[in-house]
Amino acid sequence: MNYLPGTASLIEEIDKKLLVVLRDGRTLIGYLRTIDQFANLVLHRTIERIHVGKKYGDIPRGIFIVRGENVVLLGEVDLENENNLPLEQVDIDTILELQRAQQMEREAEQERKKKAMAERGIHIDQAIDDF
């Protein structure tokens, strides 16, 4: 296997099933169909996988175009072990409800931390908190 510099190294991954983690935290799984010099990806038969604890749900997304700068991690899916996950698959509505509950818990925890810091005289600038 020869080393290819930059995005050219992704040419070997065309037509393979890949897992892509995006900058906003979403996880996509699909078949890489094409790339360009900016590492923009076109994924075919894409699903968005949502994990909450030991449960996961898949949302079918179809053809998905991903801007290269939004890719955090990209890896090939091991097709032989793909179905041997130590996770429980649940339907879309269930995983979305679990995700919503998890997000509300995180927000409540952030508010508790913010309040505790304010009681100690430490005030976090709202602009910084948005990042």
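Numbering of residues begins at 1 and proceeds along the displayed sequence. All values below come from the heavy atoms of this structure, side chains included, with hydrogens, waters and symmetry mates left out.
Applying the under-4.5 Å side-chain rule to Ile, Leu, Val, Met, Phe, Trp and Tyr, the cluster around F38 consists of that residue alone. Residue V66 is found in a hydrophobic cluster whose other members, listed by chain and number, are L10, I11, I14, L18, V20, L22, L28, L32, I35, L41, L43, F64, V71, L74; membership requires side-chain heavy atoms under 4.5 Å apart, directly or through intermediates.
Checked against salt bridge (charged side-chain N to carboxylate O under 4.0 Å, His left out), E69 has the following partners two or more places apart in sequence or in another chain: R67. With sequence neighbours left out, E119 forms a side chain to side chain donor-acceptor pair (under 3.5 Å) with no residue at all. Scored by the salt bridge (charged side-chain N to carboxylate O under 4.0 Å, His left out) test, K55 finds no partners at all (sequence neighbours excluded). Applying the side chain to side chain donor-acceptor pair (under 3.5 Å) test to D93 and every residue at least two apart in sequence or in another chain returns nothing. For E88, the side chain to side chain donor-acceptor pair (under 3.5 Å) test picks out no residue, with sequence neighbours left out. Here E13 pairs with nothing under the side chain to side chain donor-acceptor pair (under 3.5 Å) rule; sequence neighbours left out. With sequence neighbours left out, R120 forms a salt bridge (charged side-chain N to carboxylate O under 4.0 Å, His left out) with no residue at all. Scanning for salt bridge (charged side-chain N to carboxylate O under 4.0 Å, His left out) contacts around E82 gives K17, with sequence neighbours left out.
Scanning both residues, P60 and I92, for their nearest heavy atoms gives CD-CD1, 4.0 Å.
The line from OH of Y56 to CG of L85 is 5.0 Å long, rounded to the nearest 0.5 Å. One finds the CG atom of D78 at 10.5 Å from the CG atom of N83 (value rounded to the nearest 0.5 Å). Remark: I95 CD1 to Q102 CD distance equals 8.5 Å, nearest 0.5 Å.
Distance alone, capped at 3.5 Å, is enough to place a donor-acceptor pair between the D91 side chain and the T94 backbone.
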L73 and L19: side-chain contact (heavy atoms from CB on, under 4.5 Å), yes or no, with the steps? CA-CA 8 Å; L73 181 134; L19 179 136; 4.0 Å; yes
Could you go through the side-chain contact (heavy atoms from CB on, under 4.5 Å) check for L96 and I59 one step at a time? CA-CA 10 Å; L96 289 175; I59 302 172; 4.1 Å; yes
Would N40 and I65 satisfy side-chain contact (heavy atoms from CB on, under 4.5 Å), going step by step from the backbone distance to the final call? CA-CA 7 Å; N40 296 322; I65 299 172; 5.6 Å; no
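By the criterion of side-chain heavy atoms lying less than 4.5 angstrom apart, applied directly or through intervening Ile, Leu, Val, Met, Phe, Trp or Tyr residues, I47 is grouped together with V77 in one hydrophobic cluster.
Sorted by first and then second residue, the pairs that involve residues 95-106 and meet salt bridge (charged side-chain N to carboxylate O under 4.0 Å, His left out), not counting sequence neighbours, are E97-R100. Residue pairs meeting the salt bridge (charged side-chain N to carboxylate O under 4.0 Å, His left out) criterion with at least one member in residues 29-50, sequence neighbours excluded, are D15-R33, E48-R61, R49-D58.
Residues I63 and T46 form no side-chain contact, since every pair of their non-hydrogen atoms from C-beta on lies 4.5 Å or further apart.
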